[in-house]
Each structure stands twice: as structure tokens, then as C-alpha cells.
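Notes follow the structure.
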Amino acid sequence: MADEIAINIGTFNLNSTNNVAIEDINLSIAKSIQQSDLPKFHGAVVPIGKRKALSVRIRGTITGSNYDNLRSMLDGLKGAFESSSEQNLTLDDDRFIKVQYSNFNYSYKTLRTFADFSVDLLASDPFWYALSLTTSDQNPVTVGVPFVVNNPGNAPARVKVQVSHATATILD
């Protein structure tokens with residue numbers, strides 16, 4: 001479960017290890033809605049919605065011990081976002097989303113040691129996925145006792161159920 005905040009782009013940590021402090025993260029989800037008449041006598045209308053891309057804006061600061069160090073830290077930060085393909089963005093310790101950056105801005109607050117940055121990311125697949133697959137091996141002991149299956153992401157996922165026996169035959 002997400003007990004820890006771990007903000008990473010690919011393998012680059014957006015934390016104090018790389019002299020980065022995140023100020024805020026804004027997520028924007030849009031959805032297109034169409035309405036269709038139901039073929040019923042009362043003329044009801046059903047909305048059909050589809051998620052569009054998810055937009056993420058991350059703003060923060062980065063520091064360096066001197067100008068050369070600050071410039072190197074900024075180059076490392078920009079390089080983490082500048083990828084020719086999608087990469088994983090994690091905001092916590094148990095799920096990720098695939099993003100590409102669309103815009104990177106920075107400005108020097110203190111010319112030699114301190115800069116603000118802002119990066120805009122776009123996720124064409126707007127769902128969060130679990131970092132690891134979840135499996136549940138359960139042995140039925142009592143008839144009628146339900147099994148709980150957890151999906152740590154927010155993507156619609158189908159459950160794969162496999163019924164097998166260890167040593168005995170399955171009667172029903």
C-alpha cells in the first residue's frame with residue numbers, strides 16, 4: 001500500500017538525493033461525454049464517457065553548492081525528463097503511470113545556487129498500474145466464505161481465476 005511518497009521519473013529520484021524539492025503536483029483528468037437515447041419507452045438517456053489523456057504538472061526547486069554544481073543538477077533533472085519514449089512516473093511506492101514530457105521550464109532565483117522548475121507531462125493511457133502483479137493463493141476451508149482480491153492501481157482489470165486441486169479430485 002502507498003505508505004511512502006516516492007516521486008520518480010524513470011529511475012531518477014525527485015528528492016533531496018538530487019537536490020530537488022517538490023512544491024506541488026497537479027493532476028488533470030478530462031473525459032469526453034456523449035449521450036445516447038436508450039431504446040425504452042420513457043426516453044431515458046445514458047451517458048457514455050471515455051477518459052482522455054491525463055496531464056501532470058510538477059513544480060519544485062533545485063539547488064546547487066555553486067553555479068557549476070547547480071547547472072549540472074539542472075542538466076541531470078532535464079535529462080531525466082527528456083526521453084524519446086514513455087517512461088514510468090511514480091508518485092508513491094506501489095503504482096506508476098506511463099508519461100512523456102511536453103514542456104520543461106526553469107528560472108534562476110538565486111543565480112548561483114537556486115532555481116525553480118516546472119515540467120508538464122502527458123499520459124495518453126490515463127490509468128495508474130500496480131508496480132507488481134497481485135496474486136492471491138487461497139485454499140477454501142469453509143463453503144460460502146468469500147475471497148477478497150485487491151487491485152492497487154485504478155485501471156480496470158479482469159480477474160484471472162484458476163481452480164486446481166493439490167491431491168484430491170474436485171467434486172463440484
Side-chain angles (χ1 to χ4, degrees), residues 1-36 46-136 148-160:
M1 200 63 187
D3 292 331
E4 298 293 328
I5 300 294
I7 306 169
N8 300 317
I9 183 72
T11 59
F12 190 88
N13 298 322
L14 297 172
N15 61 17
S16 59
T17 303
N18 291 305
N19 292 2
V20 173
I22 300 299
E23 183 178 329
D24 63 32
I25 299 172
N26 296 309
L27 303 169
S28 175
I29 303 169
K31 192 173 183 182
S32 64
I33 302 289
Q34 295 177 338
Q35 291 191 340
S36 303
V46 63
I48 301 170
K50 296 184 180 182
R51 282 192 180 192
K52 293 183 179 179
L54 174 101
S55 299
V56 181
R57 173 172 286 160
I58 300 174
R59 294 185 320 140
T61 59
I62 188 163
T63 60
S65 56
N66 56 45
Y67 179 71
D68 286 341
N69 181 252
L70 177 60
R71 185 180 61 194
S72 295
M73 298 305 268
L74 266 170
D75 287 345
L77 180 63
K78 288 186 291 186
F81 288 105
E82 290 179 358
S83 174
S84 59
S85 62
E86 291 181 320
Q87 43 186 342
N88 293 350
L89 171 68
T90 59
L91 298 183
D92 46 45
D93 64 353
D94 65 348
R95 58 189 194 166
F96 71 94
I97 194 164
K98 293 275 190 188
V99 296
Q100 286 186 323
Y101 93 100
S102 60
N103 193 18
F104 187 90
N105 295 306
Y106 63 96
S107 62
Y108 294 103
K109 290 304 205 183
T110 304
L111 186 57
R112 302 181 76 63
T113 59
F114 192 83
D116 287 334
F117 72 90
S118 173
V119 63
D120 294 319
L121 306 168
L122 192 63
S124 58
D125 180 7
F127 295 105
W128 294 91
Y129 291 92
L131 283 172
S132 59
L133 293 177
T134 301
T135 61
S136 178
V148 176
V149 179
N150 185 25
N151 175 11
N154 73 346
R158 294 178 188 239
V159 175
K160 177 183 176 184

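- Once rounded to the nearest 0.5 Å, the distance linking CG of Leu70 with OG1 of Thr110 reads 9.5 Å.
- To the nearest 0.5 Å, the span separating OG1 on Thr90 from CD1 on Ile97 amounts to 11.5 Å.
- A 4.5 Å side-chain heavy-atom check between Leu77 and Phe104 finds at least one atom pair inside the cut-off.
- Here the side chains of Tyr106 and Lys78 are in contact, with some heavy-atom distance below 4.5 Å.
- Scanning for side-chain contact (heavy atoms from CB on, under 4.5 Å) contacts around Leu122 gives Ala53, Ser55, with sequence neighbours left out.
- Between Leu14 and Phe81 the shortest side-chain heavy-atom distance falls below 4.5 Å.
- Here the closest heavy-atom approach between residue Asn66 and residue Asp68 is recorded as OD1-N, 3.1 Å.
- Considering CG of Leu54 and CG of Leu27, their distance stands at 5.5 Å, rounded to 0.5 Å.
- Applying the side-chain contact (heavy atoms from CB on, under 4.5 Å) criterion to Glu23, with sequence neighbours excluded, gives Arg59.
- By the salt bridge (Lys or Arg N to Asp or Glu O under 4.0 Å) test, Lys109 is found to be paired with Asp116, residues two or more places apart in sequence or in another chain being considered.
- At least one side-chain heavy atom of Trp128 sits less than 4.5 Å from a side-chain heavy atom of Leu91.
- Under the 4.5 Å side-chain criterion, counting only non-hydrogen atoms from C-beta, Ile58 is not in contact with Tyr101.
- The closest donor-acceptor contact from the side chain of Asn15 to the backbone of Thr17 lies under 3.5 Å.
- Separation of atoms CD1 (Ile9) and CD (Glu82) is listed at 12.0 Å; rounding is to 0.5 Å.
- Distance check: Ser85 OG to Lys98 NZ gives 7.5 Å after rounding to the nearest 0.5 Å.
- Within the 4.5 Å cutoff, the side chain of Val56 has heavy atoms near those of the Ile25 side chain.
- Residues Asn19 and Asn69 meet the side-chain proximity criterion, which asks for heavy atoms closer than 4.5 Å.
- The shortest distance between side-chain heavy atoms of Ile62 and Val20 falls below 4.5 Å.
- Between the side chain of Ser102 and the backbone N or O of Asp120 there is at least one donor-acceptor pair closer than 3.5 Å.
- Panel note: side chain Gln100, backbone Ser124; no donor-acceptor pair is recorded below 3.5 Å.
- In this structure, Phe96 and Ala130 approach most closely via the heavy-atom pair CE2-O, 3.5 Å.
- Between Gly76 and Phe12, the shortest heavy-atom distance links the atoms O-CE1, 3.7 Å.
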